[in-house]
Structures are given as C-alpha cells and as structure tokens.
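In listed order, ligands and their atoms are each counted from 1.
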Amino acid sequence: MDRLYAQESLDSDEIVYLLDRLDEESRRRLHTLAHQKRVAYYGTVVYLRGLIEFSNICKQNCMYCGIRSANKTVSRYRLQPDEILECCREGYDLGYRTFVLQSGEDDWYTTDKLARLIADIKRRYPDIAVTLSIGERDDETYTRLFEAGADRYLLRHETASRRLYQALHPTMTFENRRDRLLALKTIGYQVGAGFMVGLPGQTHEDLAEDLLYLKELNPDMIGIGPFLPHQATPLKDEPAGTLEASLDMIALARLFVPNALIPATTAMGTVHPYGRELALKAGANVVMPNLSPLSVRPKYTLYNNKICTGDESAQCRFCLEQRIEGAGFHVDMGRGDSLNWLSSPPARQGDL
Ligand code: SAH
C-alpha cells in the first residue's frame, strides 16, 4: 500500500495480492491513504452536480439494468426539452453549475434535438458545464454535441473483463465500448469511465483489470458503485455487491488515478445509509443530487430500493450539504473541472 501511494500504480498480481488479503485493519489503512491522496490533489472540497434523468427509454438490454428494453413492467417516460430546461433553471437558482443529463439509449433524442437543447442550456447559462450520459453514439454525434457546448461525458466501461462484459451486454460489444471512450477523449470531452463492483462471477483478477484499464485510459471522472439487483431483470436473484468491496475500489481508483473526480454514487447511498459519506472518506469528491421532476424519479429505477426518489431538489441539495459538511468536507458549487483537464492544452478547453 505504501508503494502504491508513492508510485500511484501496481501490477495485476500485486493488486490481486492486496485484494485477497484485505482485512478490517488494512482496509482502514487503504481508505486513509486514499483520503490523504485526495486531500493532496483536491483538498477537502466536494463538488455538487445536478443530475437530470431525462428518459428511461432504452434500446439496449443490459442484464443488470432495470430500464433494459426487455423489461415490460417499467412505466416509460421522456422529458421534453422545455422540461429539461426547466430543471436547469431550478438547478441554476439553487446554485448548481454542472448539469448531468442522463438517460437510457433513447433515439427519439436525435443529434439535432440534443444539439439544440445543449446550445439552449449554454446560451442561458454560459457559466455552467454540461455533462452527457446517454450511452453509445457515433463519432459524428459526439462531435456535434461537443461543438454545441457539451463539456463532459460519462460512459462507464462497466467492467474491464471481456468475459463478463460479453455475458452482461447482449446488445453491445466490449470493443465498441472502449472505442467509444477513446473517441470521446479524442474529441476533447472530459471523460468519465467506471465500473460496478460485485457483478455475478466477478473476481479479484477482474477488478485488477478495471484498475489497470483506468490507469491506462486516465479518465477525468470515475464512477464506481456496487452491482444491485433489480427484480425485473435476469440477475434478480444474484447477491448485491458489498459496501466494503465498493469502498475498497473507490480508494484504489483514487490511488491509481489521483487527478480524477470520483462521485459518491447513489448506489453507494443505497447499499448503506452512510454509503456516500463513507465513499467521500475513502477518496470520492463529487456528489450528484437529483434534479429530475419528482413525478418521474421513481421510474428511473436501475436497481431495487434506489434512494432519493421522493425529495424535492431543494431538500436534496440541503440534505446532502449537511451530510457532506457533517462528514468533514466543504461543498463547492463551482464547475469543478478535473485537474487533468485544467492542466491540459487550451485547445482541449474550447473557448473557456
Ligand atoms: N445509458 C447510459 C446511462 C446508463 S445508467 C450509458 O450507457 O452510459 C448509469 C449507470 O448505472 C450504468 O453505467 C451502470 O453502471 C449503472 N447501473 C445500471 N444498472 C445497475 C444495477 N443494477 N446496479 C448498479 N448499477 C447499475
């Protein structure tokens, strides 16, 4: 662990060795080292992002996901562009300076519609960052949305194990996922990758692959959370990933990619009442409160028992702010760009 702290990397065998031997005491040490690394790079600030889950319509069929196309029991919804703009207005007034637009892979939202929406948001609020999380699209779409003003893109790699990826994504390929992440990076987005912990059949070797892939990709953001079963998916009877294993992977991600922004995800808050606070203490430095209209929140159910489906966005912001400050951190309402990106050539930063 000390060598990892100094070198910011380990090889696959060393990661597996560490994961095989983690116990309560060494785990505490791992989390403390990750916290120190985070403080060294980012201090004790936590960035807030307003999350807008704008459509749960999806053409893909991921085995774990509650909004997969084969699930006929979901009540499907799609917010119209003016409704999304209204969420942004509310969020802006609450102080948010990043909006994360997330959805299933919904082709009603064509490149033109998305480009117009992003340009509208940026025209109204030039001082904010727009993050997209809408799945796999082609180069042309990614480029046009970037030119329209999108700043960041979250596309988790989901798992770096080819075997697991193929078993879990009947409608997608391992190669294309990686290719899309590289395309986003080349275009100039701040890119977010990430993975689930505790997927059925996932081994320590697989998790080592996830860390080494992150190290190689060097993303601006890393989303990590436990796999949580959803009752209307083929994985409904599989055990959930654990709080401990997820915290360990967050800590390791911080130690491997110290420059990255790492959210304390909703899945962490779902697996344990203090999961997000514990994630912040193990290296995470972003929280993404929900800004979606209350009426649609219960419908964006990727897994069972998802939290924060009933709070107003104002309540959400102040509840989280109290929790974050209570855990010893400080909320920063700025755009919160990644250190990687801030230190990269201006060409990548557009006209900022
Ligand atoms: N369509 C977008 C957004 C996907 S939803 C995309 O493809 O990127 C956001 C994330 O939720 C996914 O990347 C996945 O890692 C996570 N997720 C989905 N189902 C889950 C489950 N059952 N348990 C835990 N996380 C899940």
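Taking a cut-off of under 4.0 Å to the non-hydrogen atoms of Met196, the atoms of ligand 1 that pass are 15 (O), 24 (C), 25 (N), 26 (C).
The side chain of Glu158, and not its backbone, has at least one atom closer than 4.0 Å to an atom of ligand 1 (non-hydrogen atoms only; side chain from C-beta on). Neither the backbone nor the side chain of His230 comes within contact range of ligand 1; no heavy atom lies under 4.0 Å.
Using 4.0 Å as the threshold, Arg177 has a heavy atom nearer than that to some atom of ligand 1. For the ligand labelled ligand 1, residue Ser103 lies inside the 4.0 Å heavy-atom shell.
A donor-acceptor pair shorter than 3.5 Å can be found between the side chains of Ser292 and Asn290. In summary, the side chains of Asn56 and Arg78 do not present any donor paired with an acceptor at a separation below 3.5 Å, with no hydrogens or angles considered. Side-chain atoms of Thr111 and Arg137 include no donor-acceptor pair closer than 3.5 Å. Under 3.5 Å, the side chains of Thr73 and Asn71 contain a donor-acceptor pair of N or O atoms. A donor-acceptor contact closer than 3.5 angstrom links the side chains of Gln60 and Glu105. Side chain to side chain, Tyr125 and Asp120 fail the donor-acceptor criterion of an N or O pair below 3.5 Å.
Alongside Ile307, the hydrophobic cluster contains no other residue (criterion: ILVMFWY side chains under 4.5 Å). Cluster partners of Val39, using a side-chain heavy-atom cutoff of under 4.5 Å among ILVMFWY residues and allowing indirect links: none.
Between atom 23 (N) of ligand 1 and the options Thr233, Leu228, Val271, Leu132, the minimum heavy-atom separation is to Leu228. For atom 24 (C) of ligand 1, the candidate residues are Pro226, Gly225, Gly66, Gly223; the nearest heavy-atom contact is made by Pro226.
Put simply, atom 9 (C) of ligand 1 has protein non-hydrogen atoms near it, under 4.0 Å away.
Scanning the protein heavy atoms around atom 11 (O) of ligand 1, the nearest turns out to be Leu302 CD1, 3.4 Å. For atom 20 (C) of ligand 1, the closest heavy atom belonging to the protein is Tyr64 CD1, 3.7 Å. Shortest contact from atom 16 (C) of ligand 1 to any protein heavy atom: Arg156 NH1, 3.8 Å.
Between Ala267 and ligand 1, no N or O atom pair is found at a separation short of 3.5 Å.
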